[in-house]
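A, B, ... follow the sequence lines: proteins, then strands. Residue 1 opens every chain.
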Amino acid sequence: MLKLYNTLTKKVEEFIPIDPNEVKFYVCGPTVYDYFHIGNARSFVMADIVRRYLEYKGYKVKFVMNLTDVDDKIIKKANEEKISTTDVTDKYITAFFEDIAKLKIKKATVYPKATEHIREIVDMIETLEQKDFAYNEDGNVFYDVKHFNGYGKLSGKNIEELEIGARIDVNEEKKDPLDFALWKKAKEGEPSWDSPWGKGRPGWHIECSAMSCKHLGETFDIHAGGSDLIFPHHENEIAQSEAANGKPFVKYWLHFGFLNINEQKMSKSLGNFFTAREVVKKYSAEALRLFYSQAYYRGPLNFSEELLASAEKGLEKITNLVDKVNDELKKSNSGVKPEFDFKSFYQHFEKAMDEDLNTSQAVAVIFDFVKEVNRVIASSENVDVNFYNDVKTFLTKTAENVLGIVDFNKTTTSDDKLVGELVELLITLRTEAKQNKNYQLSDTIRDRLKELGVVLQDSKEGTSYKIGR
RNA sequence: GGCGCUGUACCCAAGCGGUCUAAGGGGAAGGUCUGCAAAACCUUUAUUCGUCGGUUCGAAUCCGACCGGCGCCUCCA
């Protein structure tokens with residue numbers, strides 16, 4: 001029984017999908033004006049893990065992630081670089097897909113773009129206008145926050161306090177500083193579309209309301225995003241969707257904690273960020289995902305290269321076993337199948353994940369499993385290939401398919417047949433040298449190969465090699 | 001000012017009233033194996049959970065005060 005912390009109720013609740021056959025899941029995706037950083041990546045990866053775990057539990061998941069491709073920042077970038085806004089969005093949408101592929105994030109069912117849903121957005125604003133939740137001021141359409149009963153229920157804010165703290169808004173067309181733009185009147189040189197209020201473009205919040213409704217319906221199961229979206233973005237989405245549809249918007253709200261650098265939030269505006277693409281050049285995607293998984297998804301997580309390096313190191317413990325298993329499966333020895341309680345490891349893993357996605361606990365289960373398997377292998381002779389099959393099944397289902405921290409298809413031997421055979425030849429020569437007690441030669445072979453990135457490992461069964469991942 | 005999160009070993013981090021003389025990873029130390037390494041395995045590394053009080057038979061876990069860190073309230077995952 002999966003339990004999730006729901007920002008709306010501020011409680012951990014049992015997850016019960018509206019439609020038992022299909023979970024409907026929406027995640028706020030990127031504004032495509034730049035490469036995303038590893039703070040953004042944390043949200044994307046954690047949402048991916050939630051999605052994968054739901055699938056592990058047997059749910060079919062319709063997973064929708066929007067791409068915000070019309071926005072002030074995009075326009076600004078286009079002006080700076082003297083290119084069109086579509087040049088900007090095309091470039092960063094391509095980059096986005098490259099990056100999520102590198103991070104092993106499963107593809108969403110749909111990636112709706114704001115610019116391809118202008119019709120739906122205009123329709124929703126019209127509905128809001130008809131229901132008196134929106135007003136038009138000279139081509140700018142605003143949402144009338146005061147008219148929506150329950151504004152602030154997600155973020156725990158109340159309107160009076162917000163007004164006291166509210167900064168003076170430069171836009172004097174609004175009736176109330178809390179009101180926000182649904183439709184922005186076109187300015188010179190900006191992308192715009194025709195609408196009942198004249199040429200213009202959608203405000204930021206309305207796209208998520210319109211597109212989630214189109215792809216997931218008026219009420220759906222899970223809506224997720226970074227904690228900084230709680231207010232005002234998600235609060236505004238609720239106001240728009242519930243006012244327009246007259247129905248509850250979302251059942252479970254999930255929010256991901258920030259990635260900090262030196263205890264400070266990583267953000268574009270502070271400039272203290274690393275893009276996901278630069279990090280994945282130096283560290284593996286699996287290590288990054290392990291790093292995220294070792295912390296609770298809602299809390300802050302401090303980032304440093306040292307921490308990532310230690311995750312990479314810890315990962316080796318698991319990948320060593322993965323290599324060993326792949327090796328044994330190739331050899332396919334028959335022998336004795338050791339006693340091993342796989343079932344309890346599955347149970348522990350599920351118990352951890354069920355308890356509001358305790359991924360750090362789940363990771364601990366994986367490490368315990370690896371340790372236990374190693375112990376069994378070390379103390380048994382003639383281990384049957386079926387045991388390795390079961391080990392692979394466990395790690396595939398949990399560490400690979402849910403957490404995405406291992407990859408059984410990543411090979412540590414050479415892809416190139418010739419290279420593999422040459423290494424094998426050197427190993428044979430080195431073994432001969434060893435038998436002749438010519439350790440100087442055998443060590444030279446080992447050292448030189450290491451410099452080339454090929455690590456030799458001697459064991460009772462002989463020498464194996466590994467090419468740096 | 002309002003709302004919320006947070007303080008556990010050298011570092012990261014789980015823990016949600018008793019099974020905690022507190023998971024897991026990194027680091028460090030010793031050992032088994034090895035010609036030597038590497039990998040793997042074994043052992044050690046918090047009687048203590050920011051501080052001080054309280055509730056309780058019993059608290060890292062609940063309550064209060066205090067000290068410290070962070071976030072949101074404005075674009076931001």
Who passes side chain to side chain contact (heavy atoms under 4.5 Å, CB included) against A:Asp341, sequence neighbours left out?
A:Lys343, A:Ser344
For residues 23-33 of chain A, run the donor-acceptor check on the side chains, cut-off 3.5 Å, and write out each pair with its distance to 0.1 Å, sequence neighbours left out.
| from | atom 1 | to | atom 2 | distance (Å) |
| --- | --- | --- | --- | --- |
| A:Tyr26 | OH | A:Asn66 | OD1 | 3.4 |

Assert: residue with more 5' nearest nucleotide on RNA chain B, out of A:Leu290 and A:Gly29, is A:Leu290
Just jot down the ring pair (Phe, Tyr, Trp, His ring centres under 6.0 Å) partners of A:Phe36, sequence neighbours excluded, or say none.
A:Phe44, A:Phe96
For RNA chain B, find the residues of residues 64-73 of chain A with a heavy-atom distance under 4.0 Å and give them by number; none if there aren't any.
A:Lys73
Tell me if a side-chain donor or acceptor on A:Thr428 pairs with a main-chain N or O of A:Glu424 at a distance below 3.5 Å.
yes
Go through the structure and list residues passing ring pair (Phe, Tyr, Trp, His ring centres under 6.0 Å) with A:Phe273, not counting sequence neighbours.
A:His37
For A:Phe231 and B:rC72, give me the distance from atom CZ to atom P, rounded to whole Å.
13 Å
Whether each nucleotide of nucleotides 3-21 of chain B has a protein heavy atom under 4.0 Å at its base (B), only at its sugar-phosphate (S) or at neither (-) is summarised, 5' to 3', as S--------SSSS------
Between B:rG26 atom C1' and A:Leu308 atom CG, what is the distance in whole Å?
12 Å
Which heavy atom of A:Arg52 sits nearest to which heavy atom of A:Glu400, and what is that distance?
NH1-O, 3.1 Å
Which of residues 31-47 of chain A sit near RNA chain B, with a heavy atom under 4.0 Å from it?
A:His37, A:Gly39, A:Asn40, A:Ser43
Donor + acceptor pair across side chains of A:His215, A:His117 (<3.5 Å):
yes
How about A:Glu451: does its CD atom have over 12 heavy atoms from other parts shown lying under 6.0 Å from it?
yes
Just to verify, what does A:Glu328 make a side chain to side chain contact (heavy atoms under 4.5 Å, CB included) with, not counting sequence neighbours?
A:Lys324, A:Lys331, A:Asn333, A:Tyr388
Between A:Lys337 and A:Asp390, is the closest basic N to carboxylate O distance under 4.0 Å?
yes
Check whether A:Phe256 forms a cation-pi arrangement with A:Arg298 (NZ or CZ under 6.0 Å from the six-membered ring centre, at most 45° off the ring normal).
no
Nearest whole angstrom, please: distance from the P of B:rU74 to the CZ of A:Phe180.
13 Å
Could you tell me the separation between the CZ atom of A:Phe256 and the C1' atom of B:rC72, rounded to a whole number of Å?
17 Å
When the side chains of residues 100-108 of chain A are checked against the rest of the protein, which donor-acceptor pairs come out under 3.5 Å, sequence neighbours left out?
| from | atom 1 | to | atom 2 | distance (Å) |
| --- | --- | --- | --- | --- |
| A:Lys104 | NZ | A:Glu286 | OE2 | 2.5 |
| A:Lys104 | NZ | A:Asp407 | OD2 | 3.0 |
| A:Lys106 | NZ | A:Glu55 | OE1 | 2.7 |

For RNA chain B, the residues among residues 97-107 of chain A that have a non-hydrogen atom under 4.0 Å from it:
none
Is there a donor-acceptor pair under 3.5 Å between the side chain of A:Glu137 and the backbone N or O of A:Lys174?
no
Pair A:Glu190 + A:Lys184, salt bridge at N-O below 4.0 Å
no
My understanding is that a pair needs two contacts under 3.5 Å, Watson-Crick or G-U wobble. By that rule, which nucleotide pairs with B:rC57?
B:rG18
Rounded to whole angstroms, how far apart are CG on A:Leu259 and P on B:rC70?
16 Å
Could you give the OH-to-P distance, from A:Tyr292 to B:rG24, as a whole number of Å?
26 Å
Show the nearest heavy-atom pair for residues A:Lys265 and A:Leu270, with the distance to one decimal.
O-CD1, 3.4 Å
Should B:rU34 form a Watson-Crick or G-U wobble pair with both distances under 3.5 Å, which nucleotide is its partner?
none
Separation of the C1' atoms in B:rC57 and B:rC62, to the nearest angstrom
16 Å
What is the pairing partner of B:rG71, taking Watson-Crick or G-U wobble pairs with both distances under 3.5 Å in any strand?
B:rC3
Please give the distance between the P atoms of B:rG26 and B:rA60 as a whole number of Å.
28 Å
Reading 5' to 3' through nucleotides 28-41 of chain B, protein heavy-atom contacts under 4.0 Å coded B for base, S for sugar-phosphate only, - for none:
-------BBBBSSS
Quick one: list whatever passes side chain to side chain contact (heavy atoms under 4.5 Å, CB included) with A:Ile261, sequence neighbours left out.
A:Met266, A:Asn272, A:Phe274, A:Phe303
G-U wobble or Watson-Crick pairing nucleotide for B:rA46 (cut-off 3.5 Å, both distances):
none
So, A:Thr359 and A:Ser293: side-chain donor and acceptor under 3.5 Å apart, yes or no?
no
